[in-house]
> 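First the structure, which I've put down as structure tokens, then a few questions once you've had a look.
Along the sequence shown, the residues carry numbers beginning at 1. Please read all numbers here as calculations on a predicted model, not as lab measurements. Heavy atoms only: backbone and side chains are in, while hydrogens, waters and symmetry mates are out.
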Amino acid sequence: MNAWVVRIVSVLVLALAGFWLVTATEWADTEVSTPASGEAKKNRFYGAQAMLRELGMTVVKRDSLDVMPPAQARLVLGSSHWDMFPERGQRLRQWVEQGGHLVVPGYLVGGDQLEDWLPLVREKPPASEEKKETPEPKKKKRSSVPRLPDPSAKDADCRMVNEPETVPASFAGGRGYRVCTWWSPSRYRPADKQPPALWTATGSRGTEAIRVGVGRGTVTVMPWGLWHNDSLLRGDNALFAAAAVQARGGGEIWFVAEEAREPFMLWLWQRGWAALVVGMLALAVALWRAAVRFGPLAPSAGTHRRSMAEQVRGTAGFLHAHGANALHVAQLRALNESARRQLRGYALGDAAARAAAIAQATGLEPAMLARAMDEARARHAGAMAIDLEVLETARRRLDAHGPFMPRPSSSSSPSSSSS
């Protein structure tokens with residue numbers, strides 16, 4: 001019995017929840033635009049170009065205005081930086097005067113390189129567009145009833161434009177167009193003492209599009225937003241765009257909507273790769289030469305000591321061949337070479353100055369060094385040995401770079417023996 005009660009109560013709760021959901025909510029269809037893909041994602045004029053191809057025209061998409069279109073072609077110019085080079089304005093004028101058909105948005109007409117030769121002047125806004133002070137509307141109370149979205153809000157920028165009877169109609173079907181795009185405050189008319197416009201489209205706010213003759217060519221000023229992919233299929237935008245560019249089968253039309261340039265490093269590599277390679281190699285060599293080496297240029301020579309027997313035999317052979325005085329001369333020459341490397345200005349002094357410099361650097365007695373360095377003094381065997389020891393001691397202390405302090409054993413022995 002209890003189980004049945006639970007089931008009945010559950011069914012009633014679900015029914016009440018469903019009834020509340022149906023009465024308290026509203027279901028409505030919402031349009032969600034499909035994001036662009038492929039070429040349409042990168043090219044905002046892809047739809048217009050595809051349409052013109054279907055009409056039999058040859059469409060050329062350019063990234064810059066470095067080269068002018070052929071004569072009698074159409075040029076849709078939308079780049080804000082097309083006049084970055086001063087000579088382009090003159091080249092564009094010559095191209096139009098020779099029969100070219102130029103199509104530009106209103107915001108480009110005021111540029112320095114177009115304003116000088118276009119026979120157009122700004123049109124004064126109508127009196128209905130002047131700002132008027134209006135009282136602030138009273139705030140209305142919020143209604144508890146949900147407000148449905150206005151279906152015409154998405155077409156708030158749509159308006160009707162017409163070709164006047166004074167100009168030939170673009171198409172046989174009529175002279176009116178429903179244009180859906182943002183409104184441009186820049187409106188133009190032919191300048192004073194200039195021929196009348198070849199084609200115009202006017203609306204409630206004035207002239208929306210105008211075409212004037214320049215030499216053998218034409219210049220058309222039109223709303224720019226209807227060229228974009230998301231606006232081309234709204235209202236009569238496609239038909240109006242075809243009328244503005246004078247679309248004809250077999251014609252050629254160029255689109256220059258940006259001023260793109262090749263990346264600088266890629267352009268530099270393509271133009272001067274040889275110079276870049278040589279420069280990088282030279283830089284690598286310079287860095288390699290200036291870098292810290294991992295080791296010496298050549299392996300260090302190993303240290304080898306001769307045995308005592310070899311030293312004795314070598315010294316005895318030298319004494320036997322040249323005598324004791326030659327051994328003293330060789331020892332003194334070795335000391336002088338070491339002193340020249342270690343002592344500044346050693347070679348410029350006399351014998352006494354040299355002995356004093358060596359004594360100051362090694363800590364030996366100057367008088368003892370002077371006697372040992374005297375080549376003319378006669379020496380017996382004992383004195384020769386003492387002088388050789390003094391000279392060798394001085395040389396070793398110089399090569400060892402100090403601390404040049406005299407050792408009592410080495411200094412006292414020679415001095416006592418020499419006395």
> Compare all side-chain heavy atoms of R189 with those of R122 and state whether any distance is below 4.5 angstrom.
no

> Crowded around D350 CG? As in, over 12 foreign heavy atoms under 6.0 Å?
yes

> Do side-chain atoms of N229 reach the backbone of G47 as a donor and acceptor pair under 3.5 angstrom?
yes

> Starting from the C-alpha separation in whole Å, work towards a yes-or-no answer on side chain to side chain contact (heavy atoms under 4.5 Å, CB included) for T58 and I253.
CA-CA 6 Å; T58 302; I253 182 169; over 6 Å; no

> For F45, is there any backbone N or O sitting under 3.5 Å from a side-chain donor or acceptor partner on N43?
yes

> Does E392 reach the side chain of Q331, with side-chain heavy atoms less than 4.5 Å apart?
yes

> L77 and P105: which non-hydrogen atoms are nearest, and at how many Å?
O-CD, 3.2 Å

> For A73 versus P69, what's the shortest heavy-atom pair and its separation?
CB-CB, 4.1 Å

> Which pair of non-hydrogen atoms, one from P195 and one from P190, has the smallest distance, and what is that distance?
O-CB, 3.8 Å

> Would you list the atom pairs, donor with acceptor, under 3.5 Å between side chains in residues 209-219 and any protein atom, with sequence neighbours excluded?
unit_1	atom_1	unit_2	atom_2	d
R211	NE	T220	OG1	3.0
R211	NH2	A243	O	2.9
R211	NH2	A244	O	3.0
T218	OG1	H101	ND1	2.7
T218	OG1	Q246	NE2	3.4

> Ion pair present between R234 and D236, side-chain N to carboxylate O less than 4.0 angstrom?
no

> Would you confirm whether the ring centroid of W227 sits within less than 6.0 angstrom of the ring centroid of Y46?
no

> Should the heavy atoms of other residues, nucleotides or ligands under 6.0 Å from CH2 of W273 be counted, would the total exceed 12?
no

> Which word best sums up how the rings of Y177 and F240 line up, parallel for under 30°, tilted for 30 to 60°, or perpendicular for over 60°?
perpendicular

> For G203, is there any backbone N or O sitting under 3.5 Å from a side-chain donor or acceptor partner on E208?
no

> If you draw a 6.0 Å radius around CG in N162, do more than 12 non-hydrogen atoms from other residues or ligands fall strictly inside?
yes

> Using a strict cut-off of less than 4.0 Å between a Lys/Arg side-chain nitrogen and an Asp/Glu carboxylate oxygen, indicate whether R395 and D399 qualify as a salt bridge.
yes

> Ignoring hydrogens and geometry beyond distance, is a side-chain donor-acceptor pair present between W254 and E252 at under 3.5 Å?
yes

> Quick one: pull up CH2 in W82 and CG in L65 and give me the separation to the nearest 0.5 Å.
7.0 Å

> May I ask you to decide if V103's main-chain N or O and R74's side chain share a donor-acceptor pair within less than 3.5 Å?
no

> For E87, I'd like to know if atom CD has over 12 heavy atoms of other residues, nucleotides or ligands within 6.0 Å.
yes

> Would you check if the side chain of R159 reaches a backbone N or O of T181 as a donor-acceptor pair within less than 3.5 Å?
yes

> For T200 versus P164, what's the shortest heavy-atom pair and its separation?
OG1-CG, 3.1 Å

> To the nearest 0.5 angstrom, please state how far the CG atom of L364 sits from the CG atom of L369.
5.0 Å

> Quick one: NE2 on H81 to CE on M84, what's the gap to the nearest 0.5 Å?
8.0 Å

> Starting at NE2 of H328, measure out to CG of D387 and round the result to the nearest 0.5 Å.
5.0 Å

> So N237 and S231, side-chain hydrogen bond (donor to acceptor under 3.5 Å, both in side chains) or not? Walk me through it.
CA-CA 7 Å; N237 287 359; S231 301; 5.1 Å; no

> To the nearest 0.5 angstrom, please state how far the OG atom of S79 sits from the CZ atom of R88.
7.5 Å

> State, with a plain yes or no, whether a side-chain heavy atom of Y188 is found less than 4.5 Å away from one of L118.
no

> Which residue in the set V390, L391, T362 passes side chain to side chain contact (heavy atoms under 4.5 Å, CB included) when paired with L335?
L391

> Is it the case that R62 places NZ or CZ above or below the six-membered ring of F255, under 6.0 angstrom from the centre and within 45 degrees of the axis?
no

> Between Y107 and S80, what is the shortest heavy-atom contact and its length?
CE1-OG, 3.9 Å

> Quick one: do R93 and D116 make a salt bridge, cutoff under 4.0 Å?
no

> Whether the E163 and S170 side chains hold a donor-acceptor pair (N or O, under 3.5 Å, no angle test) is what I'd like checked.
yes

> To check you understand the geometry: which heavy-atom pair defines the closest contact between L198 and P168, and what is its length?
O-CD, 3.9 Å

> Any sub-3.5 Å donor-acceptor pair from R354's side-chain atoms to G349's backbone N or O?
yes

